[in-house]
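Report on one structure; see the data block that follows.
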Amino acid sequence: MLAGFVVIGAALPVLPLHVNRNLGFGTLVVGLVAGAQFAASVATRIWSGSYSDAHGGKRSVLLGLVAAVVAGLLYLLSLVFAHSPTISVVILLIGRAVLGGAESFIITGGVSWGLAMVDSGHAGKVIAWVGTAMFAALAFSGPLGTMLFAAHGFAAIGLMTALLPLALLLVLLRAPNPPRISVRMKSTFRDVIGAVWLPGLGAALSSIGYCAILAFSSLLYADHGWRPVWLAFTAFGAALIVARLIFGHLPDRLGGAKIASVFVLVQSAGLTLMGFASNSIMASTGAALAGLGYSLV
(Lines give C-alpha, C1' and ligand atoms only; values in the text may rest on other atoms or scores of the structure.)
Protein backbone atom coordinates (compact mmCIF):
# COMPACT_ATOMS: atom_id res chain seq x y z
CA MET A 1 0.00 0.00 0.00
CA LEU A 2 2.72 2.48 1.01
CA ALA A 3 4.86 1.81 -2.07
CA GLY A 4 1.81 1.91 -4.33
CA PHE A 5 0.95 5.42 -3.19
CA VAL A 6 4.52 6.63 -3.48
CA VAL A 7 4.23 6.31 -7.26
CA ILE A 8 0.81 7.99 -7.19
CA GLY A 9 2.05 10.90 -5.10
CA ALA A 10 5.38 11.40 -6.85
CA ALA A 11 3.73 12.73 -10.00
CA LEU A 12 1.20 15.00 -8.31
CA PRO A 13 3.36 18.09 -7.59
CA VAL A 14 5.28 17.92 -10.89
CA LEU A 15 2.55 16.83 -13.30
CA PRO A 16 1.05 20.35 -13.52
CA LEU A 17 4.52 21.76 -14.20
CA HIS A 18 5.14 19.19 -16.95
CA VAL A 19 1.80 19.80 -18.65
CA ASN A 20 2.03 23.59 -18.31
CA ARG A 21 5.73 24.29 -18.81
CA ASN A 22 6.92 21.39 -20.99
CA LEU A 23 3.83 20.72 -23.10
CA GLY A 24 2.49 24.29 -23.08
CA PHE A 25 -1.10 23.71 -21.98
CA GLY A 26 -3.20 25.94 -19.73
CA THR A 27 -4.92 25.31 -16.43
CA LEU A 28 -7.93 23.57 -18.01
CA VAL A 29 -5.80 20.78 -19.44
CA VAL A 30 -3.75 20.67 -16.24
CA GLY A 31 -6.96 20.08 -14.33
CA LEU A 32 -8.11 17.42 -16.79
CA VAL A 33 -4.83 15.51 -16.59
CA ALA A 34 -4.66 15.72 -12.81
CA GLY A 35 -8.34 14.88 -12.39
CA ALA A 36 -8.33 11.92 -14.78
CA GLN A 37 -6.81 9.73 -12.10
CA PHE A 38 -9.47 10.62 -9.53
CA ALA A 39 -12.34 10.27 -12.01
CA ALA A 40 -11.10 6.82 -13.02
CA SER A 41 -10.64 5.87 -9.39
CA VAL A 42 -14.27 6.76 -8.65
CA ALA A 43 -15.52 4.99 -11.78
CA THR A 44 -13.72 1.75 -10.93
CA ARG A 45 -14.25 1.70 -7.15
CA ILE A 46 -17.40 -0.47 -7.22
CA TRP A 47 -15.74 -2.85 -9.67
CA SER A 48 -12.66 -3.14 -7.50
CA GLY A 49 -14.82 -3.81 -4.44
CA SER A 50 -16.72 -6.60 -6.19
CA TYR A 51 -13.46 -8.05 -7.48
CA SER A 52 -11.92 -8.05 -3.99
CA ASP A 53 -14.99 -9.74 -2.54
CA ALA A 54 -14.92 -12.42 -5.25
CA HIS A 55 -11.18 -13.07 -5.55
CA GLY A 56 -9.61 -11.76 -2.34
CA GLY A 57 -7.67 -8.65 -1.38
CA LYS A 58 -4.26 -9.95 -2.41
CA ARG A 59 -5.31 -10.62 -5.97
CA SER A 60 -6.91 -7.16 -6.17
CA VAL A 61 -3.69 -5.49 -4.97
CA LEU A 62 -1.62 -7.46 -7.48
CA LEU A 63 -3.93 -6.42 -10.31
CA GLY A 64 -3.66 -2.80 -9.17
CA LEU A 65 0.13 -3.00 -9.21
CA VAL A 66 0.09 -4.41 -12.75
CA ALA A 67 -2.10 -1.47 -13.81
CA ALA A 68 0.33 0.94 -12.13
CA VAL A 69 3.21 -0.53 -14.15
CA VAL A 70 1.19 0.00 -17.34
CA ALA A 71 0.52 3.61 -16.28
CA GLY A 72 4.25 4.19 -15.86
CA LEU A 73 4.91 2.82 -19.34
CA LEU A 74 2.26 5.16 -20.74
CA TYR A 75 3.97 8.08 -18.98
CA LEU A 76 7.18 7.15 -20.80
CA LEU A 77 5.35 6.66 -24.09
CA SER A 78 3.89 10.17 -23.81
CA LEU A 79 7.45 11.55 -23.76
CA VAL A 80 8.19 9.89 -27.10
CA PHE A 81 5.54 12.18 -28.61
CA ALA A 82 6.66 15.30 -26.72
CA HIS A 83 7.21 17.01 -30.09
CA SER A 84 3.44 16.71 -30.63
CA PRO A 85 1.95 18.05 -27.38
CA THR A 86 -1.64 17.05 -28.19
CA ILE A 87 -0.76 13.39 -28.76
CA SER A 88 1.52 13.44 -25.73
CA VAL A 89 -1.14 14.81 -23.40
CA VAL A 90 -3.75 12.33 -24.68
CA ILE A 91 -1.42 9.43 -23.87
CA LEU A 92 -0.72 11.04 -20.51
CA LEU A 93 -4.47 11.28 -19.86
CA ILE A 94 -4.84 7.58 -20.59
CA GLY A 95 -1.94 6.80 -18.27
CA ARG A 96 -3.53 8.86 -15.51
CA ALA A 97 -6.83 7.05 -15.99
CA VAL A 98 -5.09 3.67 -15.78
CA LEU A 99 -3.35 4.82 -12.60
CA GLY A 100 -6.72 5.81 -11.18
CA GLY A 101 -7.98 2.29 -11.76
CA ALA A 102 -4.82 0.96 -10.14
CA GLU A 103 -5.49 3.18 -7.12
CA SER A 104 -8.97 1.68 -6.71
CA PHE A 105 -7.72 -1.89 -6.73
CA ILE A 106 -4.77 -1.15 -4.43
CA ILE A 107 -6.90 0.70 -1.85
CA THR A 108 -9.85 -1.69 -1.89
CA GLY A 109 -7.68 -4.78 -2.06
CA GLY A 110 -5.36 -3.51 0.66
CA VAL A 111 -8.22 -2.85 3.07
CA SER A 112 -9.88 -6.18 2.23
CA TRP A 113 -6.59 -8.03 2.64
CA GLY A 114 -5.93 -6.39 5.98
CA LEU A 115 -9.43 -7.10 7.29
CA ALA A 116 -9.12 -10.75 6.31
CA MET A 117 -5.96 -11.09 8.41
CA VAL A 118 -7.43 -9.79 11.70
CA ASP A 119 -10.56 -10.39 13.75
CA SER A 120 -13.48 -7.98 13.63
CA GLY A 121 -12.36 -6.21 16.79
CA HIS A 122 -9.39 -4.71 14.94
CA ALA A 123 -11.22 -3.68 11.75
CA GLY A 124 -11.15 0.02 12.63
CA LYS A 125 -7.41 -0.06 13.22
CA VAL A 126 -6.84 -1.68 9.83
CA ILE A 127 -8.86 1.00 8.03
CA ALA A 128 -7.20 3.82 10.00
CA TRP A 129 -3.68 2.58 9.36
CA VAL A 130 -4.33 2.01 5.67
CA GLY A 131 -5.47 5.63 5.38
CA THR A 132 -2.49 6.85 7.38
CA ALA A 133 -0.08 4.87 5.19
CA MET A 134 -1.70 6.30 2.09
CA PHE A 135 -1.29 9.93 3.13
CA ALA A 136 2.18 9.29 4.56
CA ALA A 137 3.20 8.01 1.14
CA LEU A 138 1.65 11.03 -0.56
CA ALA A 139 3.41 13.45 1.81
CA PHE A 140 6.78 11.72 1.40
CA SER A 141 6.56 11.23 -2.35
CA GLY A 142 5.95 14.93 -3.10
CA PRO A 143 9.53 16.00 -2.32
CA LEU A 144 10.85 12.80 -3.91
CA GLY A 145 8.97 13.40 -7.15
CA THR A 146 10.07 17.04 -7.26
CA MET A 147 13.73 16.11 -6.82
CA LEU A 148 13.53 13.44 -9.53
CA PHE A 149 11.76 15.84 -11.89
CA ALA A 150 14.32 18.59 -11.28
CA ALA A 151 17.25 16.23 -11.85
CA HIS A 152 16.02 14.03 -14.71
CA GLY A 153 12.70 15.39 -15.95
CA PHE A 154 9.38 13.61 -16.27
CA ALA A 155 11.13 10.47 -17.58
CA ALA A 156 12.31 9.76 -14.03
CA ILE A 157 8.70 9.90 -12.81
CA GLY A 158 7.65 7.46 -15.52
CA LEU A 159 10.45 5.05 -14.71
CA MET A 160 9.69 5.06 -11.00
CA THR A 161 5.98 4.63 -11.68
CA ALA A 162 6.72 1.52 -13.74
CA LEU A 163 9.57 -0.05 -11.73
CA LEU A 164 8.49 0.40 -8.11
CA PRO A 165 5.12 -1.39 -8.49
CA LEU A 166 6.86 -4.11 -10.50
CA ALA A 167 9.36 -4.71 -7.69
CA LEU A 168 6.58 -4.74 -5.10
CA LEU A 169 4.55 -7.12 -7.26
CA LEU A 170 7.38 -9.65 -7.29
CA VAL A 171 7.66 -9.43 -3.50
CA LEU A 172 3.93 -9.81 -2.84
CA LEU A 173 3.56 -12.88 -5.03
CA ARG A 174 4.89 -14.94 -2.11
CA ALA A 175 2.86 -13.14 0.57
CA PRO A 176 0.19 -15.18 2.39
CA ASN A 177 -3.28 -15.09 0.90
CA PRO A 178 -5.81 -15.33 3.77
CA PRO A 179 -9.21 -16.93 3.15
CA ARG A 180 -11.90 -14.60 1.90
CA ILE A 181 -14.47 -13.35 4.38
CA SER A 182 -17.74 -15.19 3.77
CA VAL A 183 -20.76 -13.00 3.06
CA ARG A 184 -23.93 -14.30 4.67
CA MET A 185 -26.31 -11.54 3.58
CA LYS A 186 -26.13 -9.87 0.20
CA SER A 187 -27.16 -6.22 0.00
CA THR A 188 -28.70 -4.72 -3.11
CA PHE A 189 -27.22 -1.71 -4.87
CA ARG A 190 -30.17 0.38 -3.67
CA ASP A 191 -29.53 -0.63 -0.06
CA VAL A 192 -25.88 0.39 -0.31
CA ILE A 193 -26.64 3.73 -1.98
CA GLY A 194 -29.35 4.49 0.55
CA ALA A 195 -26.92 3.95 3.40
CA VAL A 196 -23.96 5.92 2.07
CA TRP A 197 -25.26 8.69 -0.22
CA LEU A 198 -25.37 11.46 2.40
CA PRO A 199 -21.96 10.92 4.03
CA GLY A 200 -20.59 10.11 0.58
CA LEU A 201 -21.84 13.43 -0.78
CA GLY A 202 -20.20 15.25 2.11
CA ALA A 203 -16.94 13.41 1.54
CA ALA A 204 -17.06 14.17 -2.18
CA LEU A 205 -17.65 17.89 -1.69
CA SER A 206 -14.95 18.14 0.97
CA SER A 207 -12.51 16.50 -1.45
CA ILE A 208 -12.74 19.40 -3.91
CA GLY A 209 -10.26 21.46 -1.89
CA TYR A 210 -7.96 18.46 -1.50
CA CYS A 211 -7.95 17.89 -5.25
CA ALA A 212 -7.35 21.60 -5.90
CA ILE A 213 -4.23 21.50 -3.71
CA LEU A 214 -2.97 18.40 -5.52
CA ALA A 215 -3.61 19.83 -8.97
CA PHE A 216 -2.67 23.48 -8.62
CA SER A 217 -0.59 24.19 -5.50
CA SER A 218 2.71 23.54 -7.29
CA LEU A 219 1.69 25.98 -10.03
CA LEU A 220 0.71 28.54 -7.38
CA TYR A 221 4.10 28.26 -5.73
CA ALA A 222 5.98 28.29 -9.02
CA ASP A 223 4.12 31.38 -10.28
CA HIS A 224 4.97 33.28 -7.10
CA GLY A 225 8.55 32.04 -7.00
CA TRP A 226 7.97 30.21 -3.70
CA ARG A 227 10.23 27.26 -2.97
CA PRO A 228 9.98 24.36 -2.59
CA VAL A 229 6.94 23.85 -4.81
CA TRP A 230 5.92 20.67 -2.98
CA LEU A 231 5.61 22.33 0.43
CA ALA A 232 1.82 22.80 0.42
CA PHE A 233 1.35 19.25 -0.79
CA THR A 234 3.47 17.81 2.02
CA ALA A 235 2.11 20.18 4.69
CA PHE A 236 -1.40 18.98 3.86
CA GLY A 237 -0.45 15.30 4.14
CA ALA A 238 1.65 15.70 7.29
CA ALA A 239 -1.07 17.66 9.10
CA LEU A 240 -3.66 15.07 8.10
CA ILE A 241 -1.58 12.22 9.53
CA VAL A 242 -0.92 14.04 12.80
CA ALA A 243 -4.60 14.95 13.13
CA ARG A 244 -5.71 11.36 12.63
CA LEU A 245 -3.25 10.14 15.24
CA ILE A 246 -4.36 12.73 17.80
CA PHE A 247 -8.06 13.16 17.03
CA GLY A 248 -8.89 9.86 15.34
CA HIS A 249 -10.86 8.65 18.36
CA LEU A 250 -13.29 11.59 18.37
CA PRO A 251 -15.83 10.27 15.82
CA ASP A 252 -16.28 7.09 17.88
CA ARG A 253 -16.79 9.10 21.08
CA LEU A 254 -18.79 12.10 19.84
CA GLY A 255 -20.31 10.96 16.56
CA GLY A 256 -19.07 11.22 13.00
CA ALA A 257 -21.55 13.85 11.78
CA LYS A 258 -20.80 16.23 14.66
CA ILE A 259 -17.01 15.94 14.23
CA ALA A 260 -17.25 16.32 10.45
CA SER A 261 -19.32 19.51 10.76
CA VAL A 262 -16.57 21.06 12.92
CA PHE A 263 -13.56 19.89 10.93
CA VAL A 264 -15.05 20.98 7.60
CA LEU A 265 -14.95 24.56 8.94
CA VAL A 266 -11.24 24.10 9.72
CA GLN A 267 -10.68 22.86 6.19
CA SER A 268 -12.55 25.84 4.74
CA ALA A 269 -10.48 28.25 6.84
CA GLY A 270 -7.27 26.65 5.56
CA LEU A 271 -8.33 26.86 1.92
CA THR A 272 -9.35 30.50 2.38
CA LEU A 273 -5.96 31.29 3.91
CA MET A 274 -4.25 29.66 0.92
CA GLY A 275 -6.37 31.70 -1.48
CA PHE A 276 -5.34 35.02 0.10
CA ALA A 277 -1.76 34.04 0.99
CA SER A 278 0.93 36.60 0.23
CA ASN A 279 3.87 34.31 0.97
CA SER A 280 4.75 30.64 1.17
CA ILE A 281 4.44 30.49 4.96
CA MET A 282 0.82 31.63 4.83
CA ALA A 283 0.03 29.28 1.95
CA SER A 284 1.67 26.30 3.64
CA THR A 285 -0.09 27.08 6.92
CA GLY A 286 -3.36 27.17 5.02
CA ALA A 287 -2.57 23.83 3.40
CA ALA A 288 -1.79 22.34 6.81
CA LEU A 289 -5.09 23.65 8.20
CA ALA A 290 -6.89 22.18 5.19
CA GLY A 291 -5.23 18.83 5.87
CA LEU A 292 -6.19 19.03 9.53
CA GLY A 293 -9.79 19.69 8.59
CA TYR A 294 -9.92 17.08 5.84
CA SER A 295 -8.61 14.38 8.18
CA LEU A 296 -11.95 13.89 9.94
CA VAL A 297 -14.51 15.17 7.44
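Only this structure's heavy atoms are used, side chains among them; waters, hydrogens and symmetry mates stay out. By convention here, the first residue in the shown sequence is residue 1.
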What distance separates [X] [atom1] from [Y] [atom2], expressed to the nearest 0.5 Å?
X      : Y      : atom1 : atom2 : answer
Thr86  : Ile91  : OG1   : CD1   : 11.0 Å
Ile8   : Ile107 : CD1   : CD1   : 6.5 Å
Ile213 : Leu271 : CD1   : CG    : 5.5 Å
Gln267 : Leu265 : CD    : CG    : 10.0 Å
Arg244 : Leu292 : CZ    : CG    : 11.5 Å
Phe263 : Leu250 : CZ    : CG    : 6.0 Å

Pairs involving residues 66-85, ordered by first then second residue, that meet ring pair (Phe, Tyr, Trp, His ring centres under 6.0 Å) (sequence neighbours left out):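 Listed by first then second residue: Tyr75-Phe154.
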
Sequence neighbours excluded - side chain to side chain donor-acceptor pair (under 3.5 Å) pairs with any residue from residues 8-36: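 Side chain to side chain donor-acceptor pair (under 3.5 Å) check on residues 8-36 returns His18-Asn22, Arg21-Asp223.
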
Which other residues belong to the hydrophobic cluster containing Tyr51, where Ile, Leu, Val, Met, Phe, Trp and Tyr are joined when side-chain heavy atoms lie under 4.5 Å apart, directly or via other members?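 Hydrophobic cluster check, Tyr51: joined to Trp47, Leu63, Phe105.
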
Can you list the other members of the hydrophobic cluster that holds Val171, where links are side-chain heavy atoms under 4.5 angstrom apart?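 Answer for Val171: none, a lone residue.
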
Does the pair Val89 and Phe25 meet the rule for a side-chain contact (heavy atoms from CB on, under 4.5 Å), with working shown? CA-CA 9 Å; Val89 82; Phe25 290 99; 3.8 Å; yes

Side chain proximity check, [X] to [Y], heavy atoms < 4.5 angstrom:
X      : Y      : value
Trp226 : Ser217 : no
Pro16  : Phe216 : no
Pro165 : Val7   : yes
Leu159 : His152 : no

Using distance alone, with no hydrogens and no angle criterion, decide if Thr108 and Ser48 have a side-chain donor and acceptor under 3.5 Å apart.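 Judged by distance alone, the side chains do pair up.
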
Might you point out which heavy atoms bring [X] and [Y] nearest each other, and give the distance in Å?
X      : Y      : answer
Val6   : Ala137 : N-CB, 3.8 Å
Leu219 : Val30  : CD1-CG1, 4.0 Å
Ala222 : Leu17  : CB-CD2, 4.0 Å
Ala68  : Ala102 : N-CB, 3.6 Å
Leu23  : Pro85  : O-CB, 3.5 Å
Met160 : Ala10  : CE-CB, 3.0 Å

Are [X] and [Y] connected in the hydrophobic side-chain network, where two residues link if heavy atoms are under 4.5 Å apart?
X      : Y      : value
Leu74  : Val80  : yes
Leu245 : Phe140 : yes
Leu62  : Leu170 : yes
Met147 : Trp230 : no
Val42  : Ile46  : no

Is the count of non-hydrogen atoms from other residues, nucleotides or ligands lying under 6.0 Å from Ile281 atom CD1 greater than 12?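 No, CD1 of Ile281 has 12 or fewer neighbouring heavy atoms, counting only those of other groups under 6.0 Å.
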
Sequence neighbours excluded, which residues qualify as side chain to side chain donor-acceptor pair (under 3.5 Å) partners of Thr285?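 Side chain to side chain donor-acceptor pair (under 3.5 Å) list for Thr285, sorted by chain: empty.
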
For Tyr210, check side chain to side chain donor-acceptor pair (under 3.5 Å) against everything at least two apart and list the hits.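 Per chain and number, Tyr210 pairs via side chain to side chain donor-acceptor pair (under 3.5 Å) with no residue.
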
Between Ser88 (side chain only) and Ser84 (backbone N and O only), is there a donor and an acceptor less than 3.5 Å apart?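 Side chain of Ser88 to backbone of Ser84: no pair is present.
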
Using the side chain to side chain contact (heavy atoms under 4.5 Å, CB included) definition, which of the options Leu15, Leu99, Val98, Leu93 pairs with Gln37?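 Exactly one pass, corresponding to Leu99.
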
Evaluate side chain to side chain donor-acceptor pair (under 3.5 Å) for Ser112 paired with Ser52, printing each intermediate quantity in order. CA-CA 7 Å; Ser112 178; Ser52 295; 5.0 Å; no

